[in-house]
Amino acid sequence: MRTLVTGAGGQVGLDLIAALMAQGHEVHASDVRVRPDDAPDARDLPWHMLDVCDPEAVRNLVARVRPDRIFHLAAILSARGESMPDVTYQVNQGGLYNVLEAARLEGITQVMFTSTIAVFGPGLPPSVADDVPLQPTTMYGVTKASGEMLGAYYSRRFGIDFRAVRYPGLISAAVPGGGTSDYALFMYVDGVRRGRYTAFCRPDTTIPLMYMPDGLRALLELSNAPRSALTRCVYNVGAFSPTAARIADAVTAAIPDVKIDFDPDPIRQAILDSWPDLLIDDAARRDWNWRPEFDLESMTNDLVPRLRAMLTDDNETEQAPHV
Ligand SMILES: NC(=O)c1ccc[n+]([C@@H]2O[C@H](COP(=O)([O-])OP(=O)(O)OC[C@H]3O[C@@H](n4cnc5c(N)ncnc54)[C@H](O)[C@@H]3O)[C@@H](O)[C@H]2O)c1
């Protein structure tokens with residue numbers, strides 16, 4: 001199957017490409033960024049420079065590649081999005097519109113979309129099901145909530161097979177990419193490379209989190225599910241919901257002498273407090289048999305050695321988080 005990925009150079013994209021290629025799929029990567037050093041080379045992976053805000057460029061690439069499906073990942077995430085809401089609107093809202101239009105005009109059937117817990121807002125119970133009122137407090141959440149609705153509209157009106165997961169905060173062996181859930185990954189990354197980290201949230205902060213291998217599996221399993229089994233376009237997918245203090249305990253148990261403390265940032269704490277503690281994902285479990293495999297402990301056991309290897313290979317390259 002030929003798959004086009006937008007936003008391929010990001011935290012999800014690079015791991016998704018590796019997973020798709022390992023399954024033998026033909027993959028075309030695209031991003032506004034140049035091919036990262038750790039991406040496979042051009043023989044195995046064509047890398048197309050694409051700004052999803054440019055409708056003509058999106059349509060031309062889709063017409064040229066003629067993918068069987070598009071994984072549309074390109075986006076500006078929550079924390080970075082708050083520092084440039086105008087660009088975030090154009091990339092997240094305009095980018096999805098351009099991809100859906102290109103799919104409609106070029107007869108591409110499936111468009112996969114990655115939504116987020118940022119579509120939820122304050123006032124909800126701690127555990128949220130799929131169909132609750134969406135009252136996002138960030139531009140990122142606003143564009144993702146309307147993206148879900150735009151995709152559902154294209155599904156109803158034009159027959160595009162639009163499918164989306166609502167991801168928790170994702171944790172992987174990567175430097176965080178500007179999400180408000182980054183405190184969790186920074187505990188591991190800075191724990192390994194610096195032996196200390198000051199989290200920008202309170203110790204009792206609780207949001208849904210997921211280890212990347214589960215996140216990739218969710219996206220691929222949803223994409224591969226028979227259409228007839230699906231009862232909706234957008235699915236909550238859950239994994240585990242530890243407090244920030246519990247994550248700190250897991251990190252200090254796995255990495256000796258690490259010091260983690262807390263200095264809440266009011267803006268990011270308010271965003272975190274507006275998100276649910278736990279996602280109810282009964283529909284995903286029922287319709288396409290979704291089951292997470294990793295919890296906090298098994299993720300920690302897998303992640304820490306990977307981060308040690310990655311951060312040693314990088315020679316401790318400093319990368320600014322996109323916050
Ligand atoms: N990482 C998470 O915790 C998380 C959680 C929920 C949902 N998601 C969603 O998953 C998707 C991937 O997230 P990620 O963590 O890989 O983000 P990331 O920030 O690491 O990667 C996003 C990619 O999009 C690219 N991009 C930005 N503007 C673009 C443009 N105009 N044209 C083309 N490409 C552009 C960036 O260059 C980057 O490579 C996003 O849609 C995000 O909203 C991620």
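When a ligand or atom number is given, it counts from 1 through the structure's own listing order. Just the heavy atoms: all of them, side chains too, but no hydrogens, waters or symmetry mates, feed the values below.
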When only distance counts, is C53 in polar contact with ligand 1, meaning an N/O pair under 3.5 Å?
-> no
With respect to S78, which candidate in T138, D182, T180 satisfies the side-chain hydrogen bond (donor to acceptor under 3.5 Å, both in side chains) definition?
-> T180
With Y235, the ring-ring contact (aromatic ring centres under 6.0 Å, His included) member among W288, W290, F162, Y167 = W288
Compute the centroid of each ring, for F186 and then for Y197, and state whether the two points are separated by less than 6.0 Å.
-> yes
Closest heavy-atom pair, Q11 versus S172, reported as atoms and distance to 0.1 Å, is NE2-OG, 2.9 Å
Mark yes when over 12 heavy atoms from residues, nucleotides or ligands other than R306 sit less than 6.0 Å from its CZ; otherwise mark no.
-> no
The one among D31, V87, D182, I117 that brings a heavy atom closest to atom 37 (O) of ligand 1 = D31
Step through the shown structure and confirm whether more than 12 heavy atoms of other residues, nucleotides or ligands are within 6.0 Å of CZ on R291.
-> yes
Have a look at L16, L73, V58, T180 and point out the one with the heavy atom closest to atom 12 (C) of ligand 1.
-> L73
Numbering as shown, the atoms of ligand 1 that approach A75 to under 4.0 Å (heavy-atom distance) | 22 (C), 24 (O), 27 (C), 40 (C), 41 (O), 43 (O)
Quick one: does P168 get a heavy atom under 4.0 Å from ligand 1?
-> yes
Going by heavy atoms, is L50 under 4.0 Å from ligand 1?
-> yes
Nearest heavy atom to atom 41 (O) of ligand 1, choosing from K144, R80, Q90, H72, belongs to K144
Under 4.0 Å from ligand 1, counting heavy atoms only, is it the side chain of V91, its backbone, both or neither?
-> side chain
Should I76 be counted as touching ligand 1, given the test is an N or O pair under 3.5 Å?
-> no
Give the intermediate values and the outcome of side-chain hydrogen bond (donor to acceptor under 3.5 Å, both in side chains) for residues T198 and D261.
-> CA-CA 5 Å; T198 300; D261 48 22; 2.7 Å; yes
Subset of ligand 1 atoms that lie under 4.0 Å from at least one heavy atom of R33 | 37 (O), 39 (O)
Should you measure from each heavy atom of T116, which atoms of ligand 1 turn up under 4.0 Å away?
-> 6 (C), 7 (C)
Would you kindly specify which portion of A8 sits under 4.0 Å from ligand 1, judged on non-hydrogen atoms: side chain, backbone, both or neither?
-> neither
Judged by non-hydrogen atoms, does S115 sit under 4.0 Å from ligand 1?
-> yes
Find all atoms of ligand 1 within a distance of less than 4.0 Å from any non-hydrogen atom belonging to G9, and give their numbers and elements.
-> 39 (O)
Considering all heavy atoms, the nearest A75-V91 contact | CA-CG1, 4.0 Å
Could you pull out the closest heavy-atom pair between A254 and V304, with the gap in Å?
-> CB-CG2, 4.0 Å
Does Y167, backbone or side chain, put an N or O under 3.5 Å from an N or O of ligand 1?
-> no
A student checking ligand 1 against A74 at a 4.0 Å heavy-atom cut-off should list atoms 24 (O), 33 (C), 34 (N), 35 (C)
Considering only heavy atoms of V12, which atoms of ligand 1 have at least one such atom less than 4.0 Å away?
-> 12 (C), 13 (O), 14 (P), 15 (O), 16 (O)
Which word best sums up how the rings of Y154 and Y97 line up, parallel for under 30°, tilted for 30 to 60°, or perpendicular for over 60°?
-> perpendicular
Numbering as shown, the atoms of ligand 1 that approach Y140 to under 4.0 Å (heavy-atom distance) = 6 (C), 7 (C), 8 (N), 9 (C), 42 (C), 43 (O)
Side-chain ion pair, R232 and D287, N-O less than 4.0 Å = no
Heavy-atom proximity to atom 31 (N) of ligand 1, picking from D51, V32, V34, points to D51
Taking side chain as C-beta onward, heavy atoms only, is E82 less than 4.5 Å from I271?
-> yes
